[in-house]
Amino acid sequence: MFDSHAHLNDEQFQDDLADVLQRAKAAGVQGIINIGYDLESSRRAVQLAEQNEALYAVIGVHPHDAKTMEAEVRSQLEMLGQHPKVVAVGETGLDYYYDHSPRETQKSVFKEHFDLARQLNKPVVIHSRDAAADTFAIVEENSDVRCVLHCYSGSLEMAEKYLELGHVISFAGPITFKNASRLRSVAAGVPMERTLIETDCPYLAPVPYRGQRNEPSYVPKVAEQLAELHGITVEEVHRTTAANTRHFFAIE
Ligand code: NI
């Protein structure tokens, strides 16, 4: 199985990363896509991917930090993107919930990530919160680039619009939360062949670990929930989502 979105480059994993990776391996996690959120964490993702066979890197600047995307950062990302273990660009997108960067800056930096993805011939990892219409509009303008909507929390109607454009949807711990029946019905409506699973660790630990630091060994909890929703076995969820992840990120 794969964890398609993790932040093992976060400082919360600084002291016990070897143990975290060991537990992931013991849980059957064969691959982890480690996602950058600024220049420093993107560098760290590449460095970790060099050191660990099971890790892959995604490089980019999170919408929270969009204001840090200067020309120098952009050219550093272009260089990092040449590394053979860099499998996508991101995470990028729009976050109007926190508004840590001005919306106009978020939008222009989001578009810049598409340019970078095109240049590197890689897909894009998208974060969207309280910005559904604007996110979709920019994705639609760039529909030659493949996208994953990470930690999806939008409507089924919007998910279907992304699916129509050929994109994939990734679900995380929130589908296991007690009060998430709306999100569960969205997950049930996305075909398994277009679904990825992720932890988004260290954030959003699934039930029964909710509130604790999340880690890749918890990704089976997301798979169990999807298995229940789709009426299939957990093994089938792991098999399908692992194949989808390899295909999306072009991992052989
Ligand atoms: Ni993330």
Side-chain angles (χ1 to χ4, degrees), residues 2-14 17 20 24 29 31-46 48-49 55-66 68-69 77 80 86-101 106 109-110 113 116-117 122-132 135 139 146-154 162 167-177 180 183 187 195-206 209-219 221-222 241 244-245 248-249:
F2 262 80
D3 181 351
S4 77
H5 191 116
H7 299 288
L8 297 179
N9 42 359
D10 189 282
E11 60 181 12
Q12 291 189 47
F13 293 108
Q14 194 162 269
L17 183 61
V20 169
V29 180
I32 301 167
I33 315 293
N34 212 6
I35 316 276
Y37 40 88
D38 58 10
L39 179 58
E40 206 38 56
S41 60
S42 297
R43 279 199 183 116
R44 175 109 176 111
V46 172
L48 291 173
L55 300 191
Y56 298 86
V58 173
I59 54 154
V61 175
H62 193 283
H64 290 342
D65 294 300
T68 70
M69 181 74 141
L77 290 175
L80 276 178
V86 171
V87 294
V89 169
E91 63 180 287
T92 180
L94 302 174
D95 193 312
Y96 295 171
Y97 180 80
Y98 286 108
D99 279 327
H100 286 332
S101 286
Q106 292 189 43
V109 169
F110 188 18
H113 281 77
L116 180 59
K122 307 275 183 214
V124 170
V125 175
I126 296 177
H127 167 107
S128 177
R129 188 156 182 202
D130 284 3
T135 302
V139 170
R146 290 172 304 126
C147 300
V148 57
L149 279 296
H150 121 80
C151 193
Y152 190 73
S153 62
Y162 285 114
H167 302 313
V168 299
I169 311 281
S170 181
F171 292 101
I175 67 165
T176 69
F177 294 173
L183 183 56
T195 297
L196 308 188
I197 55 173
E198 62 169 285
T199 57
D200 200 18
C201 66
Y203 315 107
L204 298 169
Y209 309 108
R210 192 173 180 182
Q212 300 172 30
R213 184 189 69 172
N214 198 1
E215 62 173 63
S217 67
Y218 300 163
V219 76
K221 293 292 163 200
V222 179
T241 55
N244 295 346
T245 304
F248 180 78
F249 291 106

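Quick note: numbers below take in every heavy atom, side chains included, and nothing from hydrogens, waters or symmetry partners. Order of appearance sets the numbers: ligands from 1, and atoms from 1 within every ligand.
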(message) Taking side-chain contact (heavy atoms from CB on, under 4.5 Å) as the definition, give me every residue that meets it alongside V87, ordered by chain and number, with sequence neighbours left out.
(response)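 V87 satisfies side-chain contact (heavy atoms from CB on, under 4.5 Å) with I33, Y56, V58, F249, I251 only.
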(request) Please lay out, stage by stage, how D38 and S41 fare under the test side-chain hydrogen bond (donor to acceptor under 3.5 Å, both in side chains). (result) CA-CA 5 Å; D38 58 10; S41 60; 2.6 Å; yes
(request) Evaluate whether atom CD of E11 has more than 12 neighbouring non-hydrogen atoms of other residues, nucleotides or ligands under 6.0 angstrom away. (result)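 At most 12 heavy atoms, drawn from other residues, nucleotides or ligands, come within 6.0 Å of this atom.
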(request) Would you check if the distance from the ring center of Y98 to the ring center of H64 is below 6.0 Å? (result)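 That pair passes the under 6.0 Å test.
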(message) Tell me how many protein N, O or S atoms are within a distance shorter than 2.8 Å of the Ni ion (ligand 1).
(response)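 With waters ignored, the protein N/O/S count below 2.8 Å is 4.
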(message) Is there a side-chain contact between V46 and I59 in this structure, where contact means two heavy atoms from C-beta onward sitting under 4.5 Å apart?
(response)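 They are in contact (side-chain heavy atoms under 4.5 Å apart), so the answer is yes.
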(message) Apply side-chain hydrogen bond (donor to acceptor under 3.5 Å, both in side chains) to residues N9 and Y37 and explain how you reach the verdict.
(response) CA-CA 9 Å; N9 42 359; Y37 40 88; 4.6 Å; no
